[in-house]
Engineer: 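The following block contains the structure, expressed as structure tokens.
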Amino acid sequence: MDISKSARISFGTKLDRTYPVGIHIGDESYFASGSIMFSHDFCRDIKTHTYVGKKCFVGANAIIMAGVKIGDEVIIGSGSIVTKDIPSNCIVAGNPARILREGIKTKKFGQLL
């Protein structure tokens, strides 16, 4: 797994061990308890790379599906299911996750400025 030393992974977060080289987490990002990050999809028979950028916040019980690329300074709401790429500097939430706000800035661990 490619996890920055400055990233924080909360107790209870699950990172896919089926294809560990596919997990990429950027500097100063934070994963809250219960969040899941996949790098494989059994139904589609794929093993792929999944990315979370710098200074992102992944809320409690959020799920990031395999192959998704999340930009820098992104906030993912609790319980969201991210099925598509998310551009930098936005807030997303829902199932499936949708952009609620764009043009945001975050500081360390995805805290909104």
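Each residue takes its place number in the sequence, starting with 1.
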Engineer: Report the distance from atom CD1 of Ile64 to atom CD1 of Ile70, rounding to the nearest 0.5 Å.
Structural biologist: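 Ile64 CD1 to Ile70 CD1: 3.5 Å, rounded to 0.5 Å.
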Engineer: List the atom of Ala7, the atom of Ile25, and the distance in Å for their closest heavy-atom pair.
Structural biologist: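 So the two residues come closest at CB-CG2, 3.9 Å.
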Engineer: Report the residues that fulfil salt bridge (Lys or Arg N to Asp or Glu O under 4.0 Å) with Arg17, sequence neighbours left out, ordered by chain and then residue number.
Structural biologist: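 Per chain and number, Arg17 pairs via salt bridge (Lys or Arg N to Asp or Glu O under 4.0 Å) with no residue.
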Engineer: Say you draw a straight line from CZ of Phe57 to CD of Glu73; how long is it, rounded to the nearest 0.5 Å?
Structural biologist: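 Taking CZ in Phe57 and CD in Glu73, the distance rounds to 15.0 Å.
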Engineer: Using ring-ring contact (aromatic ring centres under 6.0 Å, His included) as the criterion, list what pairs up with His40, not counting sequence neighbours.
Structural biologist: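 Result, ring-ring contact (aromatic ring centres under 6.0 Å, His included) vs His40: none returned.
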Engineer: Could you list the donor-acceptor pairs under 3.5 angstrom formed between side-chain atoms of residues 26-39 and any protein atom two or more places apart in sequence or on another chain?
Structural biologist:
residue: Asp27; atom: OD1; partner: Ser4; partner atom: OG; Å: 2.6
residue: Ser29; atom: OG; partner: Gly53; partner atom: O; Å: 2.6
residue: Ser29; atom: OG; partner: Lys55; partner atom: N; Å: 3.4
residue: Ser29; atom: OG; partner: Cys56; partner atom: N; Å: 3.0
residue: Ser33; atom: OG; partner: Phe11; partner atom: O; Å: 3.0
residue: Ser35; atom: OG; partner: Thr13; partner atom: OG1; Å: 3.3
residue: Ser35; atom: OG; partner: Ala32; partner atom: O; Å: 2.7
residue: Ser39; atom: OG; partner: Tyr19; partner atom: O; Å: 2.7

Engineer: Rounded to the nearest 0.5 Å, how far does CD1 of Ile76 lie from CD1 of Ile81?
Structural biologist: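 It is 12.0 Å, given to the nearest 0.5 Å.
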Engineer: Between NZ of Lys14 and CD1 of Ile9, what distance do you get to the nearest 0.5 Å?
Structural biologist: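 Answer rounded to 0.5 Å: 13.0 Å.
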Engineer: Under 3.5 Å, side-chain donor or acceptor atoms of residues 82-94 against the rest of the protein: list the pairs with distances, not counting sequence neighbours.
Structural biologist:
residue: Asp85; atom: OD1; partner: Lys69; partner atom: N; Å: 2.9
residue: Ser88; atom: OG; partner: Asp72; partner atom: N; Å: 2.9
residue: Asn89; atom: ND2; partner: Ile104; partner atom: O; Å: 2.9

Engineer: Output a table of donor-acceptor pairs, distance under 3.5 Å, between side-chain atoms of residues 95-103 and any protein atom two or more places apart or on a different chain; print 'none' if there are none.
Structural biologist:
none

Engineer: Suppose the criterion is side chain to side chain donor-acceptor pair (under 3.5 Å): which pairs have a residue in residues 104-113, not counting sequence neighbours?
Structural biologist: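 Listed by first then second residue: nothing to list.
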Engineer: Are Val52 and Val74 connected in a single hydrophobic cluster, I mean Ile/Leu/Val/Met/Phe/Trp/Tyr linked by side-chain heavy atoms less than 4.5 Å apart?
Structural biologist: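 Yes: a chain of side-chain contacts under 4.5 Å links Val74 to Val52.
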Engineer: To the nearest 0.5 Å, how far apart are CG in Asp41 and OG1 in Thr50?
Structural biologist: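 Between Asp41 CG and Thr50 OG1, I get 10.0 Å after rounding to 0.5 Å.
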Engineer: What's the separation between atom OG1 in Thr18 and atom CD1 in Ile23, rounded to the nearest 0.5 Å?
Structural biologist: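 So the OG1 of Thr18 and the CD1 of Ile23 are separated by 9.5 Å.
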Engineer: Between Tyr51 and Met1, is there a shared hydrophobic cluster once you connect ILVMFWY residues whose side-chain heavy atoms come closer than 4.5 Å?
Structural biologist: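 Result: no, two separate clusters.
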